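Below is one structure, written out as structure tokens, with a few remarks after it.
All values below were derived from every heavy atom in this structure, side-chain atoms included, with hydrogens, water molecules and symmetry-related copies excluded. Note that the structure is predicted; figures quoted are calculated from it, not measured.
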Amino acid sequence: MQIQRGDDVFRQGDRLLQNVNNYDKQVYNGDIGKLVEIDPRNKCFVVEFDEGRVDYEYNEGDQLQLAYALTVHKSQGSEYPAVVIVMHSTHYIMLRRNLLYTALTRAERMAVVVGDKKGLATAVRRADEMKRNTLLRQRLTGELATT
């Protein structure tokens with residue numbers, strides 16, 4: 001059995017990523033579960049997360065996406081048994097030490113870096129962080145008036 005969601009097809013056994021917070025169902029952006037049951041008669045399906053099973057209607061499928069491959073950004077806060085990281089010189093804008101560090105620390109047992117030596121060397125060498133002007137200190141200390 002399967003569910004067609006636009007260009008995506010969900011099948012029983014697929015890993016799915018919750019991509020929005022749903023407080024009613026107590027599932028949150030970044031939660032990963034497994035599609036365990038599809039009920040075409042009632043147009044609903046069940047995803048099993050670590051916290052338990054969650055029922056969805058077909059029209060709620062846009063809250064989920066396939067989770068076989070995730071970006072480093074979407075994987076933050078989670079760990080996985082094995083991680084494959086692409087560090088290739090053609091992805092120059094993404095080659096930063098903090099991104100490599102975050103990707104490597106997602107791996108519980110194994111991390112595989114794929115790419116070229118130049119890409120990996122660039123990522124290790126580029127520790128420059130983009131400066132963020134949040135004015136957080138000024139906001140917390142009351143030095144900056146908020147409107």
Side-chain angles (χ1 to χ4, degrees), residues 1-38 44-141 143-144 146-147:
M1 280 188 226
Q2 64 185 33
I3 303 166
Q4 183 78 36
R5 298 291 313 147
D7 292 338
D8 292 328
V9 177
F10 298 163
R11 293 180 179 88
Q12 200 161 333
D14 278 346
R15 290 173 50 89
L16 299 175
L17 172 75
Q18 179 76 24
N19 58 31
V20 295
N21 292 331
N22 186 322
Y23 298 103
D24 294 332
K25 295 182 183 298
Q26 296 184 336
V27 289
Y28 307 98
N29 187 16
D31 288 350
I32 294 179
K34 182 178 180 181
L35 180 57
V36 294
E37 187 178 325
I38 299 173
C44 62
F45 59 98
V46 179
V47 178
E48 187 167 353
F49 295 94
D50 287 341
E51 298 78 25
R53 290 176 168 232
V54 177
D55 297 322
Y56 290 88
E57 294 181 21
Y58 279 9
N59 65 358
E60 296 174 306
D62 59 349
Q63 296 179 25
L64 299 156
Q65 66 186 67
L66 292 171
Y68 290 106
L70 301 176
T71 64
V72 173
H73 174 75
K74 287 198 176 193
S75 70
Q76 286 189 32
S78 301
E79 290 185 331
Y80 304 92
V83 173
V84 177
I85 307 154
V86 178
M87 288 283 140
H88 195 274
S89 57
T90 58
H91 301 130
Y92 182 78
I93 196 154
M94 300 298 291
L95 299 176
R96 298 188 182 280
R97 186 184 305 166
N98 66 323
L99 189 67
L100 176 60
Y101 172 83
T102 301
L104 287 170
T105 58
R106 300 307 96 206
E108 292 175 334
R109 289 190 293 260
M110 178 175 54
V112 177
V113 179
V114 178
D116 57 12
K117 288 180 183 179
K118 182 179 177 185
L120 181 59
T122 300
V124 169
R125 191 173 52 252
R126 286 180 68 199
D128 58 307
E129 294 294 320
M130 297 174 111
K131 187 173 181 178
R132 296 181 182 167
N133 297 313
T134 63
L135 303 173
L136 180 61
R137 182 182 58 77
Q138 292 89 340
R139 291 176 196 271
L140 291 174
T141 60
E143 295 174 35
L144 181 69
T146 58
T147 55

Heavy-atom pair with the smallest gap, counting every atom of T102 and R106:
O-NE, 3.0 Å
More than 12 heavy atoms of other groups within 6.0 Å of Q26 CD:
no
side-chain contact (heavy atoms from CB on, under 4.5 Å), that's the test. Do K34 and V47 meet it? Break it down for me.
CA-CA 5 Å; K34 182 178 180 181; V47 178; 5.7 Å; no
Please confirm whether the backbone N or O of D24 pairs with a side-chain atom of N22, one donor and one acceptor, at under 3.5 Å?
yes
Derivation of the side-chain contact (heavy atoms from CB on, under 4.5 Å) call for D31 and L17
CA-CA 6 Å; D31 288 350; L17 172 75; over 6 Å; no
V46 side chain reached by V36 side chain, heavy atoms, under 4.5 Å:
yes
Partners meeting side-chain contact (heavy atoms from CB on, under 4.5 Å) with L99 (sequence neighbours left out):
V72, M94
Flag the pair R53 and E48 as a salt bridge only when some basic side-chain nitrogen lies within less than 4.0 angstrom of an acidic carboxylate oxygen.
yes
Side chain to side chain donor-acceptor pair (under 3.5 Å): which pairs involve residues 11-20, sequence neighbours left out?
Q2-R11, D14-Y68, Q18-Y56, Q18-Q63, N19-Q65
With L120 as partner, the option from V114, L100, I85 fulfilling side chain to side chain contact (heavy atoms under 4.5 Å, CB included) is L100
Given 3.5 Å as the limit, does a donor-acceptor pair link the side chain of R126 with the main chain of A121, or not?
no
M110 vs V83, side-chain contact (heavy atoms from CB on, under 4.5 Å): CA-CA, chis, key distance, verdict
CA-CA 6 Å; M110 178 175 54; V83 173; over 6 Å; no
Verify, without hydrogens or angle tests, whether R109 (side chain) and P81 (backbone) share a donor-acceptor contact under 3.5 angstrom.
no
Looking only at non-hydrogen atoms, find the nearest pair between F45 and I38 and report the distance.
CB-CA, 4.2 Å
Is it the case that atom OH in Y28 sees more than 12 heavy atoms from other parts of the structure closer than 6.0 Å?
yes
Are any side-chain N or O atoms of D116 and backbone N or O atoms of S89, one a donor and one an acceptor, separated by less than 3.5 Å?
yes
Can I32 and F49 be said to form a side-chain contact (heavy atoms from CB on, under 4.5 Å), step by step?
CA-CA 6 Å; I32 294 179; F49 295 94; 5.7 Å; no
When rounded to the nearest 0.5 angstrom, what is the spacing between NZ in K118 and CZ in R125?
9.0 Å
On a heavy-atom basis, which atom in T122 and which in Y92 lie closest, and how many Å separate them?
CG2-CE1, 3.7 Å
Shortest non-hydrogen contact between A123 and M87, atoms and distance:
CB-SD, 3.6 Å
T71 (side chain) donor-acceptor with K74 (main chain) under 3.5 angstrom
yes
Which residue pairs pass the salt bridge (Lys or Arg N to Asp or Glu O under 4.0 Å) test when at least one of the two sits in residues 60-73, sequence neighbours left out?
K25-E60
Which heavy atom in A111 sits nearest to a heavy atom in L104, and how many Å separate them?
CB-CD2, 3.8 Å
Which distance, rounded to the nearest 0.5 Å, do you find between the CG of L140 and the CD of Q138?
9.0 Å
